[in-house]
Amino acid sequence: MEKILILDFGGQYNQLIARRVREAHVYCEVRPFTMTMEEIRAFDPQGIIFTGGPQSVYLPDSPTVDPAVFKLGVPVLGICYGCQLMAHLLGGKVTEAQEDSAREYGKTVTYFDTDLPLFQNTARKSITWMSHGDYMAKVPEGFRLVAHSDACPNVAIADVERRFYGVQFHPEVNHTEYGAQILQNFLYRVCGLHGQWTMGDFCKRTVAALREQVGDGRVLLALSGGVDSSVLAALFAEAVGKNLTCVFVDHGAMRKNEGDEVEEAFSKWNVNFVRVNAQERFLSKLAGVEDPQQKRRIIGAEFGYVFLDEAMKFGITDKDYFAQGTIYPDVIESGSGDAAVIKTHHNRALPPEVIEQFKGILEPLQLLFKDEVRQLGRELGLPEYLVMRQPFPGPGLAIRIMGEVTKEKLDTLREADFIFRDEIAKAHLEGTMSQYFAVLTNTRSVGVMGDGRTYDYTLALRSVTTSDFMTADWTRIPYEVLDKVSVRIVNEVRGINRIVYDITSKPPATIEWE
Ligand code: XMP
């Protein structure tokens, strides 16, 4: 099978590289740079990509690879840090850029040698996305310069014979005009691949691999009813059938009617389904807690303990596995390898004493982005309404209530959120937005209702449009719709007297408020 290895040096865009490679129908995996030469040989890649990273190659203890990797006879593409590392290891010289002009950040006009296999079908002059403070002062022997910008003479290097290429810019981000083409050129023209990998293939392979791994053990699956865990359930239903038990924990921070809807949808499936009503348990653990990270940790841990209790009732044995629908953004934003921690997604917070009870944790979706998970769901025959559900975070409304979470605030937010969703549905706008919800802020303000003064909470509405949930833009909801939502919420929900609309994209904000 055609395979690309992406060695991860800790850049924030690394999974985008994987995504672009898979969009070109080539299977790939992102692995840590600490992979040994034996592991790399066993992986048997037809090409290797070194990712970007936040460090400087010339500093001691910077991430590096065994230079034997260059003796495998396999093409290598180094991106940003990866490019500098290749130059550094092969006898070039990388230094801190002395002049400000040699440091480049953001969109940069770049000039290419378009005769090069890597730059076929691109323009001689186009925009690239740069983010580097270091500079390749000396290019290694055997390499030549194949792209430059006004500020920097060596934006890309190539040793065509050995099939080693390095680019200082990020071809994986959309801002690089011919980025996808450049990556595709690396795969097809440099590595000689054909691009035969599809989601159908991934599905078949994953089902077969899970079936083999689980054997005659059983799988306890954490089901929230959201897209990821529903697709996960379908995958395991296919792989292990009756050996699967889906456990749905109602933590009391679900949206209006959601618990019952999930129960109804999954009771119809031919799998074991258990609903655990743990509302009280979660609320008492959250009492008095205001810090977002602490809330997430508490919810993550409590999820674990609820599961453990279920597992005990279920008579867990050392052959049994725990499955959860972790997807890629959960991994990267919870801090993986050298990437910065943005927020701890609840499913990265299982306590070790829970993990120990199982033979292993299975997270087969962890390399996929949301839209890929949806594609996989379709592949598995899930109905469109389940596949296209908007994502809902595991900790639920608890991270959409700023400050302490109480039963009263949950009820208030549930009603307001329901009205927002109802009006969006009535205006037939669901298809135009990826995720939309209400947030109960911790701010109160003065208002006037009837003839009286009010001093109630401000509610924020949030709606974003995105394909991968790593970056997102706020949705331009028509004013009339916002107006209807605002009037209805203030009239129908006690405790809210002011509505604001969040107009920040991600980055700099995140989608959720906590
Ligand atoms: P952020 O807020 O990080 O959200 O921009 C990106 C996507 O992830 C969802 N999200 C979560 N999903 N557990 C989840 O399962 C979590 O703890 C969590 N936090 C955020 C969020 O709703 C959005 O779709």
Side-chain angles (χ1 to χ4, degrees), residues 12-13 15-16 19 221-233 248-251 253-255 258 262 282 286 289 291-304 307 323-336 339-350 361 363 365-366 368-374 387-402 405 413 417 420-421 430 433-439 460-475 502-514:
Q12 280 282 340
Y13 305 128
Q15 279 295 324
L16 277 182
R19 200 186 150 82
L221 184 145
L223 179 81
S224 69
V227 180
D228 306 339
S229 61
S230 301
V231 172
L232 185 79
F248 165 58
V249 177
D250 188 341
H251 51 30
M254 307 298 284
R255 285 167 293 193
E258 193 159 27
V262 171
F282 279 87
L286 287 169
V289 178
D291 177 67
Q293 279 291 70
Q294 211 189 335
K295 281 190 208 169
R296 284 169 174 276
R297 273 192 293 271
I298 289 173
I299 294 172
E302 201 54 28
F303 255 118
F307 270 101
Q324 58 181 354
T326 313
I327 69 166
Y328 190 69
D330 305 341
V331 180
I332 190 76
E333 298 197 343
S334 300
S336 137
V341 178
I342 310 293
K343 50 180 87 165
T344 308
H345 284 208
H346 75 286
N347 42 10
R348 308 304 294 172
L350 268 192
I361 306 252
E363 299 179 303
L365 308 182
Q366 67 170 313
L368 303 185
F369 286 88
K370 196 77 169 196
D371 52 338
E372 293 178 318
V373 173
R374 292 195 158 122
V387 171
M388 283 316 289
R389 276 193 91 173
Q390 60 163 319
F392 185 61
L397 302 183
I399 54 157
R400 292 179 180 170
I401 291 173
M402 307 297 98
V405 179
L413 179 57
D417 182 71
F420 184 29
R421 288 190 287 133
E430 294 122 311
M433 38 187 83
S434 314
Q435 196 171 2
Y436 50 100
F437 53 88
V439 174
L461 302 175
R462 176 80 161 140
S463 172
V464 294
T465 310
T466 169
S467 65
D468 56 23
F469 295 85
M470 299 285 280
T471 59
D473 197 9
W474 60 276
T475 318
D502 181 348
I503 53 165
T504 20
S505 53
K506 170 184 179 176
T510 53
I511 296 173
E512 304 288 347
W513 277 36
E514 287 197 335

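In each ligand, atom 1 is the first atom listed, and ligand 1 is the first ligand listed.
Take Thr475 and apply the side chain to side chain contact (heavy atoms under 4.5 Å, CB included) test, not counting sequence neighbours, and it matches Met433, Ser463, Thr465, Ile477, Tyr501.
The shortest N or O to N or O distance between Ile511 and ligand 1 is below 3.5 Å.
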Practice item. Would you please test Asp228 and Lys370 for salt bridge (Lys or Arg N to Asp or Glu O under 4.0 Å) and show each step? Key: CA-CA 8 Å; Asp228 306 339; Lys370 196 77 169 196; 3.1 Å; yes

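Taking every heavy atom of Phe469 and a limit of under 4.0 angstrom, the matching atoms of ligand 1 come to 6 (C), 24 (O). Near Pro391, meaning under 4.0 Å from one of its heavy atoms, ligand 1 places the atoms 24 (O). Remark: ligand 1 atoms within the under-4.0 Å shell around heavy atoms of Pro395 are 13 (N), 16 (C), 17 (O). Close contacts between ligand 1 and Thr510 involve ligand atoms 1 (P), 2 (O), 5 (O) [criterion: under 4.0 Å to a heavy atom].
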Would you give me the side-chain donor-acceptor pairs under 3.5 Å for residues 388-395, sequence neighbours excluded?
from   : atom 1 : to     : atom 2 : distance (Å)
Arg389 : NH1    : Gly225 : O      : 2.8
Arg389 : NH2    : Glu258 : OE2    : 3.1
Gln390 : OE1    : Tyr436 : N      : 2.7
Gln390 : NE2    : Tyr436 : O      : 3.2

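To the nearest 0.5 Å, atom CD of residue Gln435 and atom CZ of residue Arg462 are 9.0 Å apart. How far NZ of Lys295 is from CD1 of Ile399: 8.5 Å, rounded to the nearest 0.5 Å.
Residue nearest to atom 6 (C) of ligand 1, selected from Arg296, Gln390, Arg462, Lys506: Lys506 (by heavy-atom distance). Nearest-residue assignment for atom 22 (O) of ligand 1 (options Glu514, Gln324, Lys295, Glu512; heavy-atom criterion): Glu512.
Ser224 and Ser229 share a side-chain donor-acceptor pair at under 3.5 Å.
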